[in-house]
Amino acid sequence: MATEPVSTTAAHPNLTVLTHPLIQHKLSILRDKRTSKKTFRAVVAEISMLMAYEVTKDLPLVPVQVETPLETTTAYQVSGKKLTLVPVLRAGLGMVEGVLQLMPSVRVGHIGLYRDHDTLQPVAYYFKIPPEPEARDFIVLDPMLATGGSAVAAVTSLKEQGAVRVRFVCLVAAPEGVERMREAHPDVQIFAAALDRQLNEHGYILPGLGDAGDRIFGTR
Ligand code: PRP
Ligand code: URA
């Protein structure tokens, strides 16, 4: 069944689906199983940049005095100097480059997690973020929000280090993952290009786009 993208659903107040036509167009390329690894990588970067534009549209501004070639004027700059990207390894790495094109000065932390194939439980293997987490606005990047185990574990580990402001950006979300995040971290807003139908018996999102990490890195 073809469904039109919707921006918000009453059922998931913690979810914003980004319905911009370019985001939806690029997502359709990613869903297509015929898309080559090279194109998949490039389009993940492109869609991530477009999503970052939307995800940051409420960032506070501060006035600054600027001298143009003609006179002094008041202009506006993003006030938060502490915006921090946190890709969840591996697949989240594919989203970093595109976001950095928009915000080249931001810091980047890393959280290493993989989902055990049998239990679907997240297994943590790496954690490194910049200092002063309590002063930062974190944007966690992971293309897939399936059961939500990895996303919840990533946010939990950030909060354990002192993080207080966290957004989660994914390409495709399953209802199960959105709800699990709402139960564990109701303060974390999720931004997705699509809310898909369900998970299959192996925890893969349907219709989804397959295994994001394998498609980015060519490991299958
Ligand atoms: C994928 C994906 C998420 C996780 C989502 O990673 O990138 O991190 O699965 O599933 P969940 O919501 O059920 O936890 P995977 O574990 O395949 O690791 P990879 O990125 O190293 O391929
Ligand atoms: N991880 C993926 O890469 N894809 C899914 O559909 C679910 C988890």
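Remember, it's 1-based here, ligands and their atoms both numbered in the order they're listed. Remember, predicted model here, so these are calculated numbers, not experimental data.
Nearest protein neighbour of atom 17 (O) of ligand 1, counting heavy atoms only, is Asp211 OD2, 4.2 Å. Shortest contact from atom 10 (O) of ligand 1 to any protein heavy atom: Arg115 CD, 3.4 Å. In terms of protein heavy atoms, atom 2 (C) of ligand 2 is closest to Met144 CG, 3.5 Å. Nearest non-hydrogen protein atom to atom 19 (P) of ligand 1 is Arg90 NE, 3.6 Å. The single protein non-hydrogen atom nearest to atom 6 (O) of ligand 2 is Ile205 N, 2.8 Å, given as residue, atom name and distance. The single protein non-hydrogen atom nearest to atom 3 (O) of ligand 2 is Ala212 N, 2.8 Å, given as residue, atom name and distance. Counting only heavy atoms of the protein, atom 11 (P) of ligand 1 lies nearest to Thr147 OG1, 3.4 Å. Looking at atom 5 (C) of ligand 1, its nearest protein heavy atom turns out to be Met144 O, 3.5 Å. Here the heavy atom of the protein found nearest to atom 4 (C) of ligand 1 is Ser150 OG, 3.6 Å. Shortest contact from atom 5 (C) of ligand 2 to any protein heavy atom: Tyr204 CD2, 3.3 Å.
Counting all heavy atoms, side chain and backbone alike, Gly94 lies closest to Ile216 at CA-CD1, 4.1 Å.
For ligand 1, the polar-atom distance check finds an N/O of Ala146 within less than 3.5 Å of one of the ligand's N/O atoms. Taking only nitrogen or oxygen atoms, main chain and side chain alike, Asp214 does not reach within less than 3.5 Å of ligand 1. For ligand 1, one of its N or O atoms has an N or O atom of Gly148 under 3.5 Å away.
When Leu145, Asp142, Leu18, Ile139 are each tested for a side-chain contact (heavy atoms from CB on, under 4.5 Å) with Val169, only one passes: Ile139.
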Start with the C-alpha gap between Ile29 and Phe40, add the side-chain angles, then the distance that decides, and say whether side-chain contact (heavy atoms from CB on, under 4.5 Å) holds. CA-CA 8 Å; Ile29 296 170; Phe40 193 89; over 6 Å; no
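Between the side chain of Arg115 and the backbone N or O of Leu120 there is no donor-acceptor pair closer than 3.5 Å. No donor-acceptor pair under 3.5 Å is formed between the side chain of Thr74 and the backbone N or O of Pro63. The main-chain N or O of Leu22 is found under 3.5 Å from a side-chain atom of His20 such that the two form a donor-acceptor pair. Judged by distance alone, with hydrogens and angles left aside, the side-chain atoms of Thr39 form no donor-acceptor pair with the main-chain N or O of Ser36 at under 3.5 Å.
Not a single heavy atom of Gly208 lies less than 4.0 angstrom from ligand 2. Proximity of Arg115 to ligand 2 is established by a heavy-atom distance of less than 4.0 Å. Ligand 2 has Gly210 within reach: a non-hydrogen atom of the residue lies less than 4.0 Å from it.
When distances from atom 1 (C) of ligand 1 to the protein are checked, no heavy atom turns up under 4.0 Å.
Close contacts between ligand 1 and Ala91 involve ligand atoms 7 (O), 20 (O) [criterion: under 4.0 Å to a heavy atom].
In Phe127, the CZ atom is crowded: over 12 heavy atoms of neighbouring residues, nucleotides or ligands sit closer than 6.0 Å.
Put simply, Leu85 and Val164 are part of two different groups of oily side chains (I, L, V, M, F, W, Y) that touch within less than 4.5 Å, one to the next.
Ion pair Glu183/Arg180 not flagged as a salt bridge, since none of the NZ, NE, NH1 or NH2 atoms sits closer than 4.0 Å to an Asp/Glu carboxylate oxygen.
Between the side chains of Arg90 and Thr219, at least one donor N or O lies within less than 3.5 Å of an accepting N or O.
The proximity of Asp142 to ligand 1, defined as any non-hydrogen pair under 4.0 Å, is limited to the side chain.
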